[in-house]
Amino acid sequence: MASSKRCRESMKLEVAECLEHALEQLRDIWDEIGICEDQRVDRQNVVMHHMRNLLSEMVIEEKELRKRLLASVEKSSQELIQLSQELEIKNFEAEEGLTILQLEKVLRLKVDTLSKERQERMVKLKSLKDKEQNLCDLLCTTPNYIPTGTVPTAEQLEALEQHIQSLTKEKDSRQLTLSTTKKQIIELLEFLEQGPNTSFERDIVCEEEESFLLSRENMEALKVLHQELEFKEKENQGIADSLREHIASLWNRLLFPKEEVEEYLASHSAHKPSDLKVLREELDRLEELKKQNLKRVTEASRDEISHWWDQCYYSRLQRNDFAAFYDDDFTEEVLLQHDEELARVKAYYEENKEILESVKKREVMWKKMLEFEKKANDPNRYNNRGGNLLQEEKERKKINRDLPKLEKTLAEKISLYEKIKGSPFLVDGCHFMDYVQMQWAAHEQSKKIQKEERVKAKHQQLETEMTFGSKPNTPAKRRFNTTCSAKTPTNKRMKTTPKRVLKQTGRMSHRKALAERNADMSHAFSTSTISGGLQSVGLSNMSITSACSSYSDFARDLEGNKRNNCRSSTAPSPTNLTSSRARITLL
């Protein structure tokens with residue numbers, strides 16, 4: 001304030017000096033001209049009038065300037081408020097203590113900055129909206145909504161950019177799907193030997209990919225078309241496989257050479273419509289030949305049915321149910337019945353393939369176990385010098401370990417099957433697990449009988465040797481050695497004390513018993529791979545059907561008085577399939 005006051009005082013002095021100097025100059029001029037005093041007063045008044053007008057005009061102009069500046073401040077303030085709202089930013093507040101001119105300048109610059117930012121957002125919005133609209137038109141989707149004429153916020157622009165990225169990614173994915181599927185559709189149409197029938201198919205096959213709208217509806221229709229063509233192609237393949245199977249079956253029934261059948265099938269392995277036509281023509285030709293050779297074809301069909309009966313372990317009663325099998329009147333109706341039976345048995349096998357294969361596997365393991373037991377009882381097995389004994393022992397242990405596991409798994413599978421089907425699972429007309437238990441029991445009984453026979457043979461041999469004397473144990477080369485006496489008194493051997501005779505004959509009978517141990521016993525079902533009878537003493541002529549009906553009596557006999565004479569075995573226990581198996585004690 002003091003400096004301002006000094007400035008005003010200085011200005012006044014300067015104005016006064018300027019005015020005084022100007023008036024002096026005017027007086028000098030007026031004196032020189034000769035202006036009278038009255039005229040000089042008038043002229044001085046004029047000078048003062050101009051001075052007052054000039055100062056008044058200057059004041060008015062400055063007031064106008066102040067007014068304009070205040071108006072500009074007000075306008076800029078209003079624009080800042082509006083821009084802040086549109087840009088969704090905090091309203092600008094100027095610093096305190098600024099003059100009107102400084103405030104006007106600051107507000108005007110801020111308005112320019114925000115206006116520029118607003119313009120940039122609008123330009124960016126237009127560019128993004130154009131991209132989004134193109135993608136939405138191509139994908140037939142709705143663009144993000146931003147009110148027209150409004151300034152987008154930073155969050156709206158970011159969301160719009162992310163939406164464009166998502167649309168671009170979706171477009172690329174659909175474009176790739178279109179390109180891949182279109183190629184596959186063209187290949188399928190060519191393979192199916194047909195062209196595009198509908199307008200949609202023509203749009204896909206004939207038009208450029210860029211003109212195809214990648215809408216969800218079109219992509220779904222594209223997927224459906226591809227699936228339909230694939231289904232038709234697979235259907236043709238199934239038809240072709242069925243035709244080839246029927247053709248092969250008829251050729252085999254008609255006794256065509258196997259090489260000719262394989263060559264024909266190899267040369268007709270495709271499944272195009274033209275290939276199906278050729279296969280149908282060949283099938284028709286074979287059907288006609290079949291009618292001309294009903295007896296031969298029926299007999300071939302019976303062989304095939306017998307094969308599948310064996311695979312399914314059908315009992316004799318189940319086989320007898322198909323009466324046409326034994327009909328000697330070869331007609332088309334009988335052959336048709338054979339075809340139906342063959343289809344039924346095949347379907348049964350496929351439905352229960354896992355269980356039936358496990359049953360077959362178990363039977364193979366059972367036979368191997370019996371074979372290894374037979375070899376273990378062979379006294380000549382130690383003459384082997386090729387290392388087979390160690391391999392046999394490993395295989396024997398593996399079978400003794402795996403066989404109970406397989407039987408337990410079979411029991412669980414069969415139990416689940418019977419629970420689901422509500423009917424028993426029969427093998428050769430018998431509950432398979434009943435047969436397994438009976439087989440183990442028969443195996444134990446057979447070993448018991450063989451043991452009793454060996455004991456009986458040893459007693460007979462002992463009695464014979466006690467009566468007639470034992471055979472010499474000396475090897476042939478030593479017995480006939482020239483250094484030994486060729487004459488051995490028979491009465492010397494007869495004079496041996498009974499105690500010594502018993503000891504000597506006991507050793508000999510023990511060695512002979514080792515050579516006679518465990519005669520071979522074959523186990524198989526009566527009418528199939530498993531059926532063949534339980535060929536043990538007292539069971540060799542017993543079928544599974546008859547054995548199952550008397551199993552309780554059979555088991556009751558095993559648990560009687562004679563059961564106490566049985567020793568432990570390497571084979572699994574017949575009464576507890578899940579328990580560990582005892583090991584055979586060599587007799």
Side-chain angles (χ1 to χ4, degrees), residues 310-313 353-414 427-428 430 432-451 514-537 539-540 542 544 547 566-587:
D310 292 342
Q311 294 295 317
C312 297
Y313 303 112
K353 185 176 181 180
E354 184 177 359
I355 297 179
L356 293 171
E357 289 182 350
S358 297
V359 170
K360 184 177 181 180
K361 181 179 179 182
R362 187 260 172 197
E363 182 64 15
V364 172
M365 293 177 66
W366 175 266
K367 290 182 178 180
K368 284 186 177 181
M369 184 194 74
L370 297 181
E371 182 180 351
F372 283 134
E373 287 188 1
K374 179 181 177 182
K375 290 182 179 179
N377 296 326
D378 186 1
N380 298 322
R381 66 194 295 261
Y382 296 102
N383 295 333
N384 184 298
R385 294 296 185 268
N388 292 335
L389 291 178
L390 180 59
Q391 183 64 27
E392 289 179 5
E393 181 65 16
K394 289 181 179 179
E395 293 182 5
R396 184 182 65 81
K397 290 181 178 180
K398 185 176 185 302
I399 289 178
N400 289 339
R401 182 179 65 252
D402 295 342
L403 184 57
K405 295 180 181 178
L406 179 59
E407 291 175 348
K408 181 180 178 181
T409 303
L410 260 174
E412 293 174 352
K413 290 180 179 179
I414 292 175
V427 175
D428 197 18
C430 176
F432 178 71
M433 298 316 299
D434 289 345
Y435 164 73
V436 170
Q437 292 183 1
M438 186 192 67
Q439 195 177 39
W440 280 109
H443 180 57
E444 291 291 334
Q445 180 71 5
S446 175
K447 291 194 298 181
K448 176 183 175 181
I449 294 173
Q450 291 177 16
K451 177 186 175 183
L514 289 175
E516 298 172 352
R517 183 176 299 150
N518 295 332
D520 183 25
M521 178 182 67
S522 61
H523 297 263
F525 285 123
S526 60
T527 57
S528 62
T529 303
I530 293 180
S531 59
L534 299 173
Q535 298 177 2
S536 61
V537 178
L539 297 174
S540 58
M542 182 185 296
I544 297 304
C566 295
R567 293 187 179 181
S568 60
S569 171
T570 56
S573 173
T575 59
N576 187 2
L577 298 178
T578 60
S579 63
S580 59
R581 310 301 186 186
R583 305 188 60 83
I584 295 177
T585 303
L586 295 178
L587 298 177

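As the structure is a prediction and not an experimental result, all values here were calculated from the model. Hydrogens, waters and symmetry mates are skipped; everything else that's a heavy atom, side chains included, is used.
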Quick check: do [X] and [Y] have side-chain heavy atoms less than 4.5 Å from each other?
| X | Y | value |
| --- | --- | --- |
| Val359 | Phe432 | yes |
| Lys397 | Lys394 | no |
| Glu444 | Lys448 | no |
| Gln439 | Glu363 | yes |

inquiry  = If we check side chain to side chain contact (heavy atoms under 4.5 Å, CB included) with Lys361, which of these qualifies: Leu406, Leu403, Leu356?
reply    =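 Exactly one candidate clears the test, Leu406.
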Atom [atom1] in [X], atom [atom2] in [Y]: separation rounded to 0.5 Å?
| X | Y | atom1 | atom2 | value |
| --- | --- | --- | --- | --- |
| Glu371 | Lys367 | CD | NZ | 11.0 Å |
| Glu412 | Met433 | CD | CE | 10.0 Å |
| Met365 | Asn400 | CE | CG | 9.0 Å |

message = Could you report the tightest heavy-atom contact between Lys368 and Ile399, atom names first, then the distance?
response =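 Answer, listing the atom of Lys368 first, then Ile399: CB-CD1, 3.4 Å.
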Could you tell me which residues satisfy side-chain contact (heavy atoms from CB on, under 4.5 Å) with [X], sequence neighbours excluded, listed by chain and number?
| X | value |
| --- | --- |
| Glu395 | Phe372, Gln391 |
| Lys413 | Glu354, Ile355, Ser358, Thr409 |
| Glu357 | Tyr349, Lys353 |

request  = Evaluate side-chain contact (heavy atoms from CB on, under 4.5 Å) for Glu373 paired with Met369, printing each intermediate quantity in order.
outcome  = CA-CA 6 Å; Glu373 287 188 1; Met369 184 194 74; 4.2 Å; yes
